[in-house]
Each structure stands twice: as C-alpha cells, then as structure tokens.
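Let me begin by presenting the structure, written as structure tokens, before commenting on it.
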Amino acid sequence: MIDGANPIRALFTSLFVAALWLGPASAPAFAQPVIVEESSPPAGHRPPTVADASDAEEVDEIDPSLSVSDAVIGVAGWAISTGDHRDLPFAIIDKRAAQILVFDETGKLRGMAPVLLGSATGDHSAPGVGDRELADIPMEDRTTPAGRFYASYGPAIGVPEALWIDYATAVSIHPIVPSAEGKRRKRWLASPESDDNRVTHGCVNVSPDFYRRIVRPILGRRSIFYVLPEVAELREAIPGFAPPRRAQRNAQRRR
C-alpha cells in the first residue's frame, strides 16, 4: 500500500545502469556467476514502493499500490546485466507479493500489476498434473511452479490460443474470464492484500485490461518468465542467479 516513500527508484536506477549491479569484474554475459545464499533483509527494512517514482513516465502501466521486493530488483538487475533474458521480453512473477512485472526486450519496465496464483503453497508441480482435468487436481497440487521458463503462445481447449508459461504442467497466464467466478476473482485481484490472491489451479490470472495492453503486445510470441519461489531459495528455482556484488557484501557484513 502507498505509504509516502519513493516507489521503485532503486529498481529504475539499477535497470538503466544494470552493468553496475555485478561490477566491472563480473563475468561476461551468459557466463556462470558465483552462487551465494539469498540473505534476509535487515530488521526494519521496508521494500521500495511505486507511488512516486521519478521515472514513472517511463512505465506504461503500473499499479501505484504495489511494492517491489528486493528479490524482484535482484533478479531484474541480474537478468539484464548478464543477458540471461536473451534479448527477449520477460516477466517476473513474485508469488509472495502476488504481482507481475513486465519488461520489454531492452529491459525497460513496461507494466506492473497484481496477479492471482495457484491456491496451494509450493514451488513444484505434481507429476502428471498437466494431464489432469481441473476438477481432478487435489488442493495440495494446485501450485504455480517457480523457475525460469520460455513462454510462447500455443493451442488450448476452449480458446484459440494461450500464453503458456510451462506447457508441460499446463500453466498459462490469461485474463480473468467474464463469469460469476470471474467477478469474485476481480474482487480478489483488486484487494490490497495478497492472501486472497491464491485461488487458481496453478495458472496466473491478470485483469483483462492488463493482459490486452501489456501482456499480449509486449511478451509477444516468445518471452521468458522468472517465477520467484515462495519456499525454495532463488538459486534452486533459477539456476545461475546471483545477487549483485553490493548485496553480497552487505550480506557478508551482517554475518
């Protein structure tokens, strides 16, 4: 929620000078970086918000009630600094905060909004879950898997095509459908809390307007999704990820 602090100034700064994240001595693009443990933020730390960013005109669509976690900032800076997104548009989904950030192929933040996610906590998909009918998926298997995914449009039952985050586990991103259930989901999506955003069978839901204006035109036919874990460590979910050198030094000083 908005609390009067500068929003994602740190995010914008890091993305437009992304090379500074890993430092001049960092490995070249696509090289395997050093893996370090993800550290907890210091006591009293409050993540930046997006309410009054000086670079707000650079963003096409953001929800000013949302905050940005250190994990999102770290992954975005790392993906751009190392070229991990392969010059493709990409999205970062923060499951803990129930939000998505969409970037174009240059690394420019183009949109940010809340999402609905799988109702079960967890970072892995159950074996064979992609072959089951929705009604046959047990509650404990209704997870949105974490990881790095190549996403693309493909065929889907009932609609011309779907943007599949992970086709093998039948996880896609799509707008809320107009129905009685859709009306309830719109209320949950608009809620300032993230606890009521865990309602799907595993797919990622966004508002129809955000999907039409941001997801479909920017993520296009091919994109990368970084789905951040809620239980596992970032290095487990996204192999090769390493936080910026500055964060590593801060973590070492806190030990």
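These figures come from a predicted structure and were not determined experimentally.
Counting heavy atoms from C-beta outward, Val68 and Met112 have side chains that approach closer than 4.5 Å. Between Ser207 and Ile176, every side-chain heavy-atom pair lies at or beyond the 4.5 Å cut-off. Val115 is not listed as a side-chain neighbour of Ile173, based on a closest heavy-atom distance of 4.5 Å or more.
Taking every heavy atom of both residues into account, Val72 and Ile92 meet most closely at O-CD1, 3.9 Å. The two residues Pro208 and Pro175 come nearest to each other via the heavy atoms CA-CB, 3.7 Å. Taking all atoms of both residues into account, the shortest heavy-atom contact from Phe103 to Ile218 is O-CG2, 3.9 Å. For the residue pair Pro145 and Val227, the shortest heavy atom distance occurs at O-CG1, 3.3 Å.
For the pair Arg148 and Phe241, the cation does not sit on the ring face, since its NZ or CZ is not both under 6.0 Å from the ring centre and inside 45° of the axis.
In this view, Asp104 and Arg110 satisfy the salt bridge (charged side-chain N to carboxylate O under 4.0 Å, His left out) rule, not counting sequence neighbours. Scanning for side chain to side chain donor-acceptor pair (under 3.5 Å) contacts around Thr121 gives an empty result, with sequence neighbours left out. Looking at residues two or more places apart in sequence or on another chain, you find a side chain to side chain donor-acceptor pair (under 3.5 Å) between Arg212 and Asp209. For Tyr226, the ring-ring contact (aromatic ring centres under 6.0 Å, His included) criterion is met by Phe90, not counting sequence neighbours. Contacts of Asn205 classified as side chain to side chain donor-acceptor pair (under 3.5 Å), with partners at least two apart in sequence or in another chain: His174, Arg185. Checked against side chain to side chain donor-acceptor pair (under 3.5 Å), Asn197 has no partners two or more places apart in sequence or in another chain.
To the nearest 0.5 Å, the span separating CG on Leu116 from CD1 on Ile100 amounts to 11.5 Å.
The pair Arg198-Glu230 counts as a salt bridge, with a side-chain nitrogen and a carboxylate oxygen less than 4.0 angstrom apart.
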